[in-house]
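First the structure, in the form of structure tokens, and then the observations on it.
Chain A is the first sequence line, chain B the second, and so forth, proteins listed ahead of strands; every chain is numbered from 1. Here the structure is a predicted model, which means the values were calculated and not measured. Worth knowing before you read on, the calculation uses all heavy atoms, side chains too, and leaves out hydrogens, waters and symmetry mates.
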Number of protein chains: 2
Amino acid sequence: MILSSIEDVAKLVGVSTTTVSRALNNKSYVSKKTKQKIEEAVKELNYVPNKVAKSLSSKRTNIVGVIIPSIIDPIYSEEINTIEKVLKEKGVRILLCLCPRNSHQYELELKNMLNSYIDGIISAVYDFPVTMAEENVPFVQLGGGKVDYSRKVNVITDDYEVGQAAIKLIEKGKHKKVIVQHGPLSLSEEQDRLDAIVYALNGSEVNYELQLVDQDDPYGIEGTQNLFKDFKDFDVVLSRNDQNGYQVVLEAQRRGIMVPSELKVIGYGGSQFLANMNSPMTTISINPSKIGNKVAELTISMLAEDSKKKNQQISVPISIIN
Amino acid sequence: MILSSIEDVAKLVGVSTTTVSRALNNKSYVSKKTKQKIEEAVKELNYVPNKVAKSLSSKRTNIVGVIIPSIIDPIYSEEINTIEKVLKEKGVRILLCLCPRNSHQYELELKNMLNSYIDGIISAVYDFPVTMAEENVPFVQLGGGKVDYSRKVNVITDDYEVGQAAIKLIEKGKHKKVIVQHGPLSLSEEQDRLDAIVYALNGSEVNYELQLVDQDDPYGIEGTQNLFKDFKDFDVVLSRNDQNGYQVVLEAQRRGIMVPSELKVIGYGGSQFLANMNSPMTTISINPSKIGNKVAELTISMLAEDSKKKNQQISVPISIIN
DNA sequence: TTGTATGCGTTATCAA
DNA sequence: TTGATAACGCATACAA
């Protein structure tokens, strides 16, 4: 494809590229006459400024990298959906990068993004110490359950709140045994949330057991099989996410177990997608759209200020979906 | 953030930038000695080549723009998931752009992407005549039901197949009335698929009615309400997508209608996400992961060949999920 | 095997 | 109000 450059426009009008640049960017004074001529030439040549060149000069791309572990998970879909829309309004676009939580791929991805096309990073993958690379870019941590002061900006869901919500949903003395599902505890996010939940459960004398569920089980199928295979006599499941909760409900129904009367299933997530599935579980919603909104706002302000000093830790309140 | 440039490396080693460039890109011969020195300097300075500069010079970004109407829809999530992974292996990254099907936003988005950061476009939004802009970029049409020869590369689901599959699922003479859901017919994709289905239904003397469902009803809630409000005595629903199908099943169950014995619900889509929801509907799966794979492959080959001449229209077969 | 000069398209600085 | 020149960081043609 042959594209016209600013020089083509300049030649056509008979001015310098400087003048064209000024006219198009409304910098300093350009006479109305030449400005008009330039605009005509732009149309005639179908000229569009080359953003790569612009970026090389300005050191700005108006692109942010977004790193998430999965786009299949409706929580992330919903967050990304909001983030993209809000950022777009501000002329910021997103470079999407899928990266497992615990892999060394992350460092590569990060390094790849740095010194490249991005003005900042939004990442839901943060289970690593802050690297030097990361340190020098506007970085927004998307999600997590504990404020991480080593990172400049976090938008989290307070694990303590989650624990307290869980204990409120589990009426004391009424249940025999709670199964608490969790992902691999090598991931700080998993460990933190589990800690908060266990803390809450211990505080209210509830009998519970832990179930480790695999990371690579996006639909909660395997976790559910194992739940019913490995555990007995439970009447509450605090599932790792709504997908797992949904499957637990399905399996319970297959086995003729009434939900929630005989088995209470508590989900975690609260994406609109699963909320509309009408599963008889109760869900602790992290309000993904709100999180997305906050993340986008903070990203915008970080980019605008061009000062990486301002630390902000924001916790988006949870809510309960029945 | 202060980044080191190729010149910093060159100075440190005491060679020219040309030599450094050659050493790092393995072009022509560089003595082992200097090469080693350069590598050390790179490490010391934590040098990473600036991709923007690289792109300005090479006219290549290794980024493709991906335009889809929604990331909430699991069909697109699943496609994007595959596309991102396959492209990543080849060093290609994706700029994600959400854009409604029928809005004029599309032209803006397209223009915005052109002359900017992308080597090509993958788009599930194609309900417009081919614009001049689009014409000059490697363009892959993601989805659709009819080969569109005006576009260079399509990966589609053959509407005819869909119609034939539908008619096979609707046993002749056994059903009273089929409701065929469809989106706004101003969208060619909707019109084409409906045509194919109607053609199939007419050919087998099945009684049917059409229901227009809103585009902005991502979970199929409203469409389902209207279905039961506006139509009577139907015993098959050919839903617009799995989300609608799922909701129809839910509402039927609420009303005490047995699915599928009293009401047969046929979904369309076949994302793993919904397939795992265990809804008693039958789904015509377009096999989104396969589509994503094909799209990614074709994209890679288009970019590699750097020749936009080769037209390819590929139809990914459907399958039935029970 | 290495270096010089030039170009990629734009913006900013300094002059006129 | 306009223009010449340098700079952004890298790659390549041409020389040496």
Is any NZ, NE, NH1 or NH2 atom of the basic residue among B/Lys85 and B/Glu89 found under 4.0 Å from an Asp or Glu carboxylate oxygen of the other? no
Around atom CD of A/Gln312, are there more than 12 heavy atoms from other residues, nucleotides or ligands closer than 6.0 Å? yes
Using a 4.0 Å heavy-atom cut-off, write out nucleotides 6-16 of chain C from 5' to 3' as B (base contacted by protein), S (sugar-phosphate only) or - (no contact). -BBBBSBB---
Look at all strands and tell whether A/Ser55 reaches a base, only sugar-phosphate, or nothing, counting heavy atoms closer than 4.0 Å. nothing
If you define the side chain from C-beta out and look only at heavy atoms, does anything of B/Ile63 sit under 4.5 Å from B/Val92? no
Does B/Thr19 reach a base, just sugar-phosphate, or nothing at all? Heavy atoms under 4.0 Å. sugar-phosphate
Please determine whether a side-chain nitrogen of the Lys or Arg among B/Arg93 and B/Glu84 lies less than 4.0 Å from a carboxylate oxygen of the Asp or Glu. no
Just the rounded figure in Å: distance from P of D/dC8 to CG of B/Asp8. 10 Å
If we count only N and O atoms by modelled type, under 3.5 Å, do the side chains of B/Asn112 and A/Lys51 hold a donor and an acceptor together? yes
Output yes when at least one side-chain N/O atom of B/Thr34 is less than 4.0 Å from OP1 or OP2 of C/dT1, else no. no
Going by atom types alone, do B/Thr82 and B/Asn293 pair a side-chain donor with an acceptor below 3.5 Å? no
To the nearest Å, give me how far apart NZ (B/Lys35) and C1' (C/dT2) are. 15 Å
